[in-house]
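In the text below, chain A, chain B and the rest are named by the order of the sequence lines, each starting its count at 1. Hydrogens, waters and symmetry mates play no part in the numbers below; they use all other heavy atoms, side chains included.
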2 protein chains.
Amino acid sequence: MNNNSNLFLCKATRNTYEHRRSSLLCQVCGDRNARNCFGSVSCAPCKMFFRRNLDFDLVINKCIYDGNCEMHENSRHACRYCRFKKCLTVGMKKELTRPPRLNQKKRIGKQITPPLIRRLDLLNSNRSKLSFDQWSILSNVTHVYDQISPLPKILNSLSQSSFPPKKRLRIDGATLADMLGLIYRSIYSFLERIPDFTMMSIHDRNLLIERNLHNVGSTSGLLILRDGDLYSNYAFCRANLNTYGSDNFEGVSKLLNRLDMDRVAVKLFVVVLAFSTCFDVVRPSNMTNNIQLSKSTNRLHFNTINMFHIQNKYIDMLFIYMVYRYGYIEASLRFAALLFTALQLCVHTMEAANIQEHGDMLDTIIADTTRKLNVEDDPVV
Amino acid sequence: MNNNSNLFLCKATRNTYEHRRSSLLCQVCGDRNARNCFGSVSCAPCKMFFRRNLDFDLVINKCIYDGNCEMHENSRHACRYCRFKKCLTVGMKKELTRPPRLNQKKRIGKQITPPLIRRLDLLNSNRSKLSFDQWSILSNVTHVYDQISPLPKILNSLSQSSFPPKKRLRIDGATLADMLGLIYRSIYSFLERIPDFTMMSIHDRNLLIERNLHNVGSTSGLLILRDGDLYSNYAFCRANLNTYGSDNFEGVSKLLNRLDMDRVAVKLFVVVLAFSTCFDVVRPSNMTNNIQLSKSTNRLHFNTINMFHIQNKYIDMLFIYMVYRYGYIEASLRFAALLFTALQLCVHTMEAANIQEHGDMLDTIIADTTRKLNVEDDPVV
DNA sequence: AAAAGAGGTCACAAGGTCAG
DNA sequence: CTGACCTTGTGACCTCTTTT
Ligand SMILES: [Zn+2]
Ligand SMILES: [Zn+2]
Ligand SMILES: [Zn+2]
Ligand SMILES: [Zn+2]
């Protein structure tokens, strides 16, 4: 339909334009100062005329004369039919017309007033505010998180890679792995300073790290990426694209915009993930009757109930904090959004885990952490 | 139409030229002479287009057609929305854009989008309504759930215990266990009729049952308790109090009032729990370097990524369904409430798991189910 | 030094407006 | 409806920086 050269675009029109430069006459009415318009050459008035009459129906509207009205500068108004027909004859194309521009004067000012919704009874605690103890835990979490944040190092590393010698736009895979490794390694430093973690047995801590480090690290990493505005760094992005591929990069990029703006909430959520027991229900007793159960039930050693209570404690804190800060409805919205973000991020974390370099890196970090834990446990021996 | 400079080249040269060039078609509009641009391959115009429209908001600016405008060299102007969307689709990355050069005059700073929660950005699917496929899955889940519901049997058993001889006000522990056992056993019948479950490997199904039956069963049980109004039955309550104790009974009773009134939503949530992979991140490859990892990593056999996608699929469906039915805000409220209810219920499930009778019962059921699964797998042998 | 891939420029050709 | 006048989007052609 549009395979021939009739549908001029700039490239083609320029050529013909050059050719016809000497004659600046409107192909429709003969007026001077004609220009390229809709695939032909016409004056501005004829251009406007054509655009305004795109829906003009040559079948319904007939010329009142013989359909051969002359078109001159002064006579072009005489007959709409013949003028439009001439426009088509000289090669004006409706297809070169573009859709109307968006009305940029629309202002966003409208804030939707959320409808009143009955209050659901979400939590156990009747308190709508955090207790003193909860505030101190929350404050501790926030403070410690920033204290151990690997962001300064990463930024430093980035600026060293970028500036001094010359403005390098390339970071190699190893450098990137180092920077991301800092993020994952910082998780243990973080948890180490949270009493609820250190009060657990070495074994439980090991298992938590081993099981949750991927997700805790990536969630924390998302916050760090945003804090440091790292996805604005060209070299950093490029290195990430190289290592993790386009899909993963894009997914993370989206989530970056979706992550809750409240850093405190995100930090708390990181802790929730760290204590995640994943709905596992296990009996602490010995597994007398479980003949058929697979080896995966080694998780039985897990002190799951305790861990679950800790997780719930932080979820409660997170939600009460959000209610306190944003009101009940917005808190629910944000909580759901946070959860969905985490779920989606988990997909990308799994993708990353399948990448040899990334997987190996995490295995190493987990092994290192485990070793560290064991050393701390038996400092005398 | 084509660049006429080709005419002046000798044939051989032109061939290689054409060959080299023709291998690079613009991924956006199909134009020739495309190059690497922003992470994809595009012609210069599309490159410019993309850079100029970095702030183009696909949410605010919609296609005036159906959002599937064709992109050709000549039709690329037709729809900004579709062109930009195609740019993103073919992998152009905003992040590969660089900030404006410094020596030039300052540009107007980007306006930072306030932390408004974007409604439809939450989930993976762009649709705000369920697709036909999703509706059939949902309808199937709902229907099957009611079909296999053990409630009729339980009610029958209750009335038999209560009425015929005399109005018995006592149900013994064994009878109660039988009734509750029906609930837990029904889970497998339920899942068995869900294609997403049956299409998994026997091994995976085993692990899911083994891992999630406690929670799936208790959540489903909560719905059944409410459907049958069982907590209005004196004898039933008394038996429960006897077996599970006062705290547990009261806790469940509270949750009973808190559970979402929408049965469809709860049923979907039961499925979500059934496919719960618990944020586990595992590498499918062999664990070459995992020296220190404990035995719990036997879970590696788990086809976690697949399972996670299934879970996400049902979560999406659940949320979209709720948005469709209640609007975005109420959907978030209900979703959060459902999640909190489940978390709280999980605590009681754990408590119950520690009760000898209950734990043994579940072990038996899990073992039975596993056996059933294996038999179904090898009907010939 | 050449190629590649970023950003920048400006004339041209679209769309929009409003008095006439 | 018309057309002078204005605003906005496009792309050929350019410069600049890093990689090869
Ligand atoms: Zn004219
Ligand atoms: Zn006429
Ligand atoms: Zn193109
Ligand atoms: Zn379109």
Ignoring backbone atoms, test whether [X] places a side-chain nitrogen or oxygen under 4.0 Å from the OP1 or OP2 oxygen of [N].
X       : N      : result
B:Asn36 : C:dA4  : no
B:Arg76 : D:dG11 : yes
B:Arg83 : D:dG11 : yes
A:Arg35 : C:dA13 : yes
A:Arg51 : C:dG15 : yes
B:His77 : D:dG11 : yes

For atom [atom1] of [X] and atom [atom2] of [N], their distance in whole Å:
X        : N      : atom1 : atom2 : answer
B:Leu24  : C:dA4  : CG    : C1'   : 12 Å
A:Leu54  : D:dC1  : CG    : C1'   : 15 Å
B:Asn74  : C:dA13 : CG    : C1'   : 16 Å
A:Phe50  : C:dG16 : CZ    : C1'   : 18 Å
B:Asn33  : C:dG5  : CG    : P     : 14 Å
A:Met48  : C:dT17 : CE    : P     : 11 Å
A:Arg238 : C:dA6  : CZ    : P     : 8 Å
B:Phe56  : D:dT10 : CZ    : C1'   : 15 Å

key: Which residue lies more 5' along DNA chain C, comparing A:Tyr234 with A:Phe38 via nearest heavy atoms   =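 The 5'-side residue here is A:Tyr234.
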
Options [options], nucleotide nearest the side-chain atoms of [X]:
X        : options               : result
A:Arg98  : C:dG15, C:dA6, D:dA12 : C:dG15
B:Arg80  : D:dA4, D:dT2, D:dG9   : D:dG9
A:Pro100 : C:dA14, C:dG16, D:dA4 : C:dG16
B:Cys37  : C:dA14, C:dA6, D:dG11 : C:dA6

Could you check whether [Y] and [X], counting side-chain N and O atoms only, form a donor-acceptor pair closer than 3.5 Å?
X        : Y        : result
A:Asp229 : A:Ser232 : yes
A:Thr243 : A:Glu357 : no
B:Asn61  : B:Arg80  : no
A:Lys93  : A:Ser40  : no
A:Tyr145 : A:Ser220 : yes

Residue mapping more 5' on DNA chain D - nearest nucleotide basis, B:Phe49 or A:Arg52 =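 So the residue in question is A:Arg52.
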
ask   = When the nearest nucleotide of DNA chain D is assigned to B:Lys47 and to B:Asn53 on a heavy-atom basis, which residue is associated with the more 5' position?
value =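 The residue closer to the strand's 5' end, by nearest nucleotide, is B:Asn53.
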
ask   = What orientation do A:His358 and A:His214 show, parallel under 30°, tilted 30 to 60°, or perpendicular over 60°?
value =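 Answer is tilted, since the angle falls between 30° and 60°.
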
